[in-house]
Number of protein chains: 2
Amino acid sequence: MITIKDIAKAAGVSHTTVSRALNGSALIKPGTREKIAKIAADMNYVPNYSAKNLVTKKSNTIGLFFSSLEQGTSSSFLVDALKGIRQSLNENYMLTVSGIDEVDSYESVHPRRFDGLLIMSQSERDNRFIYHAKAAGIPLVVLNRQLDDPSIPNVASEDRRGGRAAAEHACEMGHRRIAIIEGRQGFKSADERRQGFIDGLLARGRAPDPLYFAQGDYSIESGRAAMEGLLALNDRPTAVFCCNDDMAIGAMNACYERGVRIPDELSLIGFDDMMFAAYTNPPLTTVRKSVAGIGREGTELLLRLMERSDAPIEQRFIGCELVRRESVADLRGQSRRS
Amino acid sequence: MITIKDIAKAAGVSHTTVSRALNGSALIKPGTREKIAKIAADMNYVPNYSAKNLVTKKSNTIGLFFSSLEQGTSSSFLVDALKGIRQSLNENYMLTVSGIDEVDSYESVHPRRFDGLLIMSQSERDNRFIYHAKAAGIPLVVLNRQLDDPSIPNVASEDRRGGRAAAEHACEMGHRRIAIIEGRQGFKSADERRQGFIDGLLARGRAPDPLYFAQGDYSIESGRAAMEGLLALNDRPTAVFCCNDDMAIGAMNACYERGVRIPDELSLIGFDDMMFAAYTNPPLTTVRKSVAGIGREGTELLLRLMERSDAPIEQRFIGCELVRRESVADLRGQSRRS
DNA sequence: GGCATAAATGTTAACGTTTTCATCATAATG
DNA sequence: CATTATGATGAAAACGTTAACATTTATGCC
């Protein structure tokens with residue numbers, strides 16, 4: 001293993017000079033720098049990060065913590081987030097991935113081990129972890145879940161706007177009996193999407209009907225179960241907004257089983273726009289949320305916070321966009337007359 | 001930041017003793033050890049891994065490298081793999097995740113930075129990376145892709161057996177015109193699954209028909225395109241084996257569009273058994289492969305290799321299992337007479 | 001050409017551990 | 001009781017780097 005001292009010897013300078021040259025210090029003569037750079041390259045020098053980190057008191061590591069790897073809410077999540085994060089993360093940062101729930105002693109979440117934290121959070125249960133990390137003084141940004149506490153940097157999607165867009169779309173298409181299958185209780189995103197849904201209904205002059213609020217938990221099965229309840233209603237809804245695509249798929253399955261045709265007999269709107277949404281039968285109209293975008297912006301924010309501790313603490317929310325496919329029927333015309 | 005010297009002072013011993021006590025050295029009196037452990041806990045001591053690693057020449061880090069984060073072949077892959085890996089990985093190992101293609105200088109893949117490598121590989125293009133890491137002397141195991149080189153530790157699924165099971169199942173159900181939509185060219189798994197398919201046909205006395213071999217690339221779209229080709233044939237197949245579930249979904253879409261009913265007019269078999277396979281319309285019969293299992297076993301193998309450099313280099317292959325759902329029609333009876 | 005200043009390089013200590021080797025106390029041995 | 005082995009602890013060095021401070025060399029100015 002070759003060190004800067006070896007390079008120093010080869011170059012006939014002190015190891016300090018080598019260190020400076022390799023780190024781009026301004027007080028090294030260009031000639032010297034080039035010479036040293038060349039020698040280092042020739043010798044295949046690779047810096048020892050342990051030594052480096054020891055003296056600089058950095059860890060060179062960003063930790064990505066996930067609400068729960070085990071009961072992975074949605075699988076494409078991680079991949080998309082990772083894509084976004086990697087796009088804005090310098091290659092020589094290490095990025096570690098762990099589940100919050102698998103951290104059994106918070107000790108290991110320590111400023112010495114992480115220069116910064118990206119926390120992909122889903123529910124308030126993660127707060128203990130978040131506040132621990134904050135108390136430990138590690139720069140962090142919470143992704144994906146909207147926080148109430150303005151002292152914590154936060155990047156999430158505009159769930160409420162998304163829910164609203166879904167409801168408004170249903171109304172615009174002439175639907176009047178519009179139901180919702182809600183996300184997991186206690187998850188902020190579930191609250192927001194529901195509230196957006198209500199807002200949208202109200203904005204179009206429709207009163208939300210308590211009968212049409214079905215509880216789900218973001219899982220496929222919960223979507224199916226909730227839809228079964230909805231289908232059993234005397235006055236079936238004509239459109240159902242599912243608070244994520246997984247539940248929409250479950251809901252579709254309930255319809256397949258009962259021979260309820262989509263969108264002729266029932267319209268469906270999802271949320272997330274995961275890859276398969278375009279390939280369900282029929283293709284699912286859904287609200288697109290960019291997890292990669294959240295990852296990207298979150299990382300940029302984190303980097304800023306790490307660089308200067310006085311960087312502003314931002315709460316940024318990324319827009320959602322309704323993508324129309326074929327799971328919503330156009331009832332206009334009929335509805336006028338009904 | 002508190003160090004072992006602080007603990008030493010508090011305990012009235014030398015920092016060497018503290019180090020030994022905390023690391024479970026046999027030459028510390030039990031009483032001393034407990035006393036020190038207590039003080040360390042009280043002071044919230046957290047070891048400085050940079051210092052530790054500097055002197056032990058370890059990195060405490062396992063690197064998980066992925067063929068390609070960008071064009072993520074299948075999104076649940078990463079999550080499943082991570083689950084398996086984490087199950088068998090001691091919590092105080094750091095696990096970093098990167099894409100092979102995003103590593104632009106192989107320099108950073110160095111024994112100093114990684115104690116071991118888990119390489120989730122898809123194609124031979126990863127070989128450069130693999131052999132670089134091997135040459136650098138980092139213990140590694142290649143996951144998910146079967147390797148020809150017996151000098152490299154390897155854990156993958158029995159793709160060939162899986163392909164064979166699919167073909168045999170189709171035959172057993174009375175199908176005679178059986179097609180395949182192949183995986184991406186150059187991917188070992190694609191070759192293996194195709195070969196297994198051929199083996200299965202042959203074992204049941206059916207001759208593979210070149211007309212029924214359609215090329216795909218594991219993407220949804222390629223599945224759809226390939227299926228369209230197959231549907232245009234004069235003598236349509238009655239069953240199609242898709243080399244992964246994504247392509248099966250694409251294939252289903254082609255059928256939906258043309259009004260071809262599954263399984264009545266066409267039977268479909270997938271591969272992977274991803275989460276959504278049970279929720280397609282109809283539910284997809286497919287070959288289950290345990291990515292988590294591969295991750296788990298691969299990690300265990302890696303740990304063994306890291307511990308003792310003379311540990312045996314194993315190539316382990318994990319069984320696949322056909323899971324029967326509703327996308328394959330039973331043609332027995334008819335086929336006898338035809 | 002001498003002097004002040006700036007630019008470039010070198011010396012040394014420090015970061016927090018583990019490890020080698022030395023020392024001291026204690027127990028076992030005859 | 002002296003001697004030896006052994007069990008427990010300590011002192012000092014080492015790991016590879018950066019940083020504070022010191023020194024040398026080059027540059028500009030009158």
Side-chain angles (χ1 to χ4, degrees), chain A residues 1-40 43-61 92-94 107-108 110-115, chain B residues 1-40 43-61 92-94 107-108 110-115:
Chain A
M1 291 295 111
I2 117 122
T3 75
I4 54 172
K5 295 196 180 177
D6 300 322
I7 299 177
K9 206 170 294 172
V13 297
S14 77
H15 70 277
T16 310
T17 302
V18 175
S19 170
R20 284 199 269 252
L22 261 22
N23 289 305
S25 156
L27 13 96
I28 291 289
K29 240 198 307 203
T32 320
R33 160 168 303 123
E34 282 158 29
K35 187 175 74 177
I36 291 177
K38 178 160 182 350
I39 295 177
M43 297 178 97
N44 281 317
Y45 168 72
V46 178
N48 182 325
Y49 276 83
S50 297
K52 229 174 161 131
N53 295 338
L54 176 58
V55 51
T56 58
K57 296 168 186 322
K58 289 269 158 64
S59 68
N60 218 253
T61 302
N92 59 22
Y93 265 112
M94 302 232 130
E107 276 175 11
S108 58
H110 195 275
R112 262 187 200 149
R113 298 189 73 168
F114 296 103
D115 288 345
Chain B
M1 291 295 114
I2 117 126
T3 74
I4 54 172
K5 295 196 180 178
D6 300 320
I7 299 177
K9 206 169 293 171
V13 298
S14 76
H15 70 276
T16 310
T17 302
V18 175
S19 169
R20 283 199 268 253
L22 261 24
N23 288 306
S25 156
L27 15 94
I28 292 289
K29 242 197 304 202
T32 321
R33 159 169 304 123
E34 283 159 29
K35 188 177 72 176
I36 292 177
K38 179 159 180 354
I39 295 177
M43 296 178 96
N44 282 317
Y45 168 71
V46 179
N48 182 324
Y49 277 84
S50 297
K52 231 175 160 127
N53 295 338
L54 175 58
V55 50
T56 58
K57 297 171 186 321
K58 290 266 156 65
S59 68
N60 218 254
T61 302
N92 60 20
Y93 265 113
M94 302 232 128
E107 276 175 12
S108 58
H110 194 273
R112 262 186 199 148
R113 298 189 74 167
F114 296 102
D115 288 345

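First the proteins, then the strands, lettered A, B, ... as listed; each starts at 1.
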May I have the distance from [X] (atom [atom1]) to [N] (atom [atom2]), rounded to whole angstrom?
X: B:I4; N: D:dA11; atom1: CD1; atom2: C1'; answer: 13 Å
X: A:D6; N: D:dG16; atom1: CG; atom2: P; answer: 9 Å
X: A:M1; N: D:dC15; atom1: CE; atom2: P; answer: 14 Å

Exercise. Between the main-chain N or O of A:S25 and the side-chain N or O of A:R33, is there a donor-acceptor pair closer than 3.5 Å?
Worked result: yes
How far does [atom1] of [X] sit from [atom2] of [Y], to the nearest 0.5 angstrom?
X: A:Y49; Y: B:H110; atom1: OH; atom2: NE2; result: 11.0 Å
X: A:K57; Y: A:L54; atom1: NZ; atom2: CG; result: 7.5 Å
X: A:I39; Y: A:D6; atom1: CD1; atom2: CG; result: 11.5 Å
X: A:K9; Y: A:H15; atom1: NZ; atom2: NE2; result: 12.0 Å
X: B:N48; Y: A:R112; atom1: CG; atom2: CZ; result: 4.5 Å
X: A:T61; Y: A:Y93; atom1: OG1; atom2: OH; result: 9.5 Å

Seminar exercise, completed: In short, B:L27 meets B:R20 closest at the heavy-atom pair CD1-CD, 3.4 Å
For this session: Find out whether B:I7 and B:I36 are in side-chain contact, i.e. whether some heavy atom of one side chain is under 4.5 Å from a heavy atom of the other.
Result: yes
For this session: May I ask you to evaluate whether A:T3 reaches the phosphate of D:dG16, defined as a side-chain N or O under 4.0 Å from OP1 or OP2?
Result: no
Exercise. Using a cut-off of less than 4.0 Å, is there contact between a side-chain N or O of A:S50 and OP1 or OP2 of D:dC15?
Worked result: no
For this session: Using chain A heavy atoms and a threshold of under 4.0 Å, write down where along DNA chain C the contacts begin and end, 5' to 3'.
Result: C:dA8 to C:dG16
Please tabulate the protein-to-nucleotide N/O contacts below 3.5 Å involving nucleotides 19-21 of chain D, giving atom names and distances.
{"from": "D:dA19", "atom 1": "N6", "to": "A:T16", "atom 2": "OG1", "distance (Å)": "3.0"}

For this session: Specify the residues of residues 23-31 of chain B, ordered by number, for which at least one heavy atom lies under 4.0 angstrom from an atom of DNA chain C.
Result: B:N23
Problem set entry | Donor on one side chain, acceptor on other, B:N53 and B:S59, under 3.5 Å | no
Problem set entry | Side-chain donor-acceptor contact under 3.5 Å, B:S14 with B:T17 | yes
Exercise. Under 4.0 angstrom, heavy atoms only, what part of the nucleic acid is B:K5 near: base, sugar-phosphate, or nothing?
Worked result: base
